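For clarity, every value in this text was computed on a predicted model and none was experimentally measured. Naming: A, B, ... by sequence-line order, numbering from 1 per chain.
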There are 2 protein chains.
Amino acid sequence: MAQSDTVDRILDAAEELFAERGFSETSLRMITSKASVNLAAVNYHFGSKNALIQAVFARFLTPFTETLESAFDDLEASCEGAPPSLEQTLWALTESAVSMPQRNEKGISIFMRLLGLAYTQSQGHLREFLEEEYSQTFGRFMALLKGATPQLSAVDRYWRIQFMLGATAFTMSSSDALRDILQTKLGVETSVQEIAARLVPFLAAGLQAEAAIPTLISKPSVA
Amino acid sequence: MAQSDTVDRILDAAEELFAERGFSETSLRMITSKASVNLAAVNYHFGSKNALIQAVFARFLTPFTETLESAFDDLEASCEGAPPSLEQTLWALTESAVSMPQRNEKGISIFMRLLGLAYTQSQGHLREFLEEEYSQTFGRFMALLKGATPQLSAVDRYWRIQFMLGATAFTMSSSDALRDILQTKLGVETSVQEIAARLVPFLAAGLQAEAAIPTLISKPSVA
DNA sequence: CCAGGGTTCAAACGTATGTTTCAAACAGAC
DNA sequence: GTCTGTTTGAAACATACGTTTGAACCCTGG
């Protein structure tokens, strides 16, 4: 076994277990026994469980943001100063995600599920780490969305982006289960690419909906 | 102190702590000390931590589904056989949620956050419990959505409902954090009612978007 | 007044967690 | 081949958890 084969084995096992069970519900002993390494190896190589969590994110988020940055570069170059459209921006994102080199067939759904966890289970340290490391790329994505939806107020746009992220992270994070249900109920096979292809128009339509904003509790009349 | 004042104090404390920290991250000792009751009281009155979690859900979900069922009754009655529209259905849902009698000013956001957690952190026992108790109302909601979107294929509808649930659960499960960010960045106060009011048009538009279906990886051309 | 059932309390139990320890095994350089 | 720094290994550490215990407590019905 190579020198730090151990590090990768730990990261692989941790990634998969975190994705299926969450952070607190995954113990170091589960990770090390799945990885077939000694318990102490985690603290030796990473220092702490929290640092391991951050390392898991860094391993896939760093190449992803690099891919994404260059996709955005291409997009902006091809638009020659004009703001890229919403669909183009969303496609740049999904293509970058889908085209990431995957460690295995579960790669993309693990990736998505971890993003979802980062959002919903974010324990302080993780949120700080992600903010610290990746806020620049995230900000660029937000700026592109802003350019693509100039008709929206800042507040509307903020919330709709949250809705978008929610729909995406959530769907992708349970995409395996959802695919299975569809397979058994309707007999339909679905690839992650197809889910993405269905998601993009949904998101684009939602993001560009009429901002029917509140005369607060004003439900549509029945007639 | 009345006889089972203790039970309510435990439920109140548990509800609030679960909502802000999740289930595994909330210990019984936190709950009992916030409630100013003895540690053993939880196991005495509820039997176990899992049973307490279920009791927390039952306390707000049972009246909620009753309200919702009668809102659906009203809706269907006022439509006299015609299927209610999508907006009407979604509004019936959000109005039922918002109009629930609240124990305090944080009531509605706790409610939403718990629903989000139920979806994203669902530990087996909770999923089974919710399925057991509330699947009928959920099924009725799905049937209404089906009637409101006859133009969608079963597969499209299936995925779009997942997207919808995702956007909702996800946003609601982190709504406090999102509200804080908005407050500090843009200086805007936001109520849960406003979030819901923004969410409904987004979901309705997404659900009714043109079903731009996959000539698979067909990203929009740049020009 | 006092017996008895429901309730509270402090303390302990057993188990699981993240982390640390220190000796053994290993690698590569001289 | 031996030495040096790195990595692994089995075991223990301290702590926190959910749960159980059994004695105290209260309050009500007789």
Discussion item. Does C:dG18 have OP1 or OP2 under 4.0 Å away from a side-chain N or O of A:S48?
Written reply: no
Discussion item. Using whole Å, what does the distance between atom C1' of nucleotide D:dT8 and atom CG of A:L39 come to?
Written reply: 12 Å
Item to complete: Taking all heavy atoms of B:A205 and all of A:G206, pick out the closest pair and write down the distance.
Response: CB-CA, 4.1 Å
Item to complete: Figure out the CG/C1' separation between B:N43 and D:dT19, and round it to whole Å.
Response: 5 Å
Worksheet entry | Distance, rounded to the nearest Å, where A:D5 contributes CG and D:dT8 contributes C1' | 13 Å
Response to the item:
By nearest-nucleotide position on DNA chain D, the 5'-leaning member of A:A41 and B:K49 is A:A41
Discussion item. In whole Å, I'd like the distance from the CD atom of A:E25 to the P atom of C:dA16.
Written reply: 16 Å
Item to complete: At under 4.0 Å between heavy atoms, which parts of nucleotides 22-27 of chain D does protein reach? Answer with one letter per nucleotide, 5' to 3': B base, S sugar-phosphate only, - none.
Response: ------
Worksheet item: If you measure from the Lys or Arg side-chain nitrogens to the Asp or Glu carboxylate oxygens, is any gap between A:E16 and A:K34 under 4.0 Å?
Response: yes
Item to complete: Send over the distance from B:R9 CZ to C:dT8 P, rounded to a whole Å.
Response: 9 Å
Response to the item:
For A:N38, the side-chain hydrogen bond (donor to acceptor under 3.5 Å, both in side chains) test, sequence neighbours excluded, returns none
Worksheet item: In whole angstroms, how far is the C1' atom of C:dT8 from the OH atom of B:Y44?
Response: 9 Å
Discussion item. With rounding to the nearest 0.5 angstrom, report the CG to CD distance, A:L182 to A:E194.
Written reply: 10.0 Å
Practice prompt. Specify the residues of residues 26-37 of chain A, ordered by number, for which at least one heavy atom lies under 4.0 angstrom from an atom of DNA chain C.
Written response: A:T26, A:S27, A:L28, A:R29
Worksheet item: Does a side-chain N-to-carboxylate-O contact under 4.0 Å join B:E76 and B:R140?
Response: yes
Fill in: side-chain hydrogen bond (donor to acceptor under 3.5 Å, both in side chains) partners for A:T67, two or more places apart
none
Worksheet item: Below 4.0 angstrom from OP1 or OP2 of C:dG6, is there any side-chain N or O of B:H45?
Response: no
Worksheet, complete the sentence: Taken in chain and number order and not counting sequence neighbours, the residues that satisfy side-chain contact (heavy atoms from CB on, under 4.5 Å) with A:A41 are A:T6, A:I10, A:V37, A:H45
Item to complete: Identify, with sequence neighbours excluded, every residue that meets side-chain contact (heavy atoms from CB on, under 4.5 Å) alongside A:L68.
Response: A:F64, A:F72, A:L93, A:S96, A:T137
Worksheet, complete the sentence: From CG of B:L17 across to P of D:dC17 the rounded distance in Å is 12 Å
Worksheet item: Starting at CG of B:N38 and ending at P of C:dT8, how long is that distance when rounded to a whole Å?
Response: 9 Å
Item to complete: To the nearest 0.5 angstrom, please state how far the CZ atom of B:F23 sits from the CG atom of B:L117.
Response: 5.0 Å
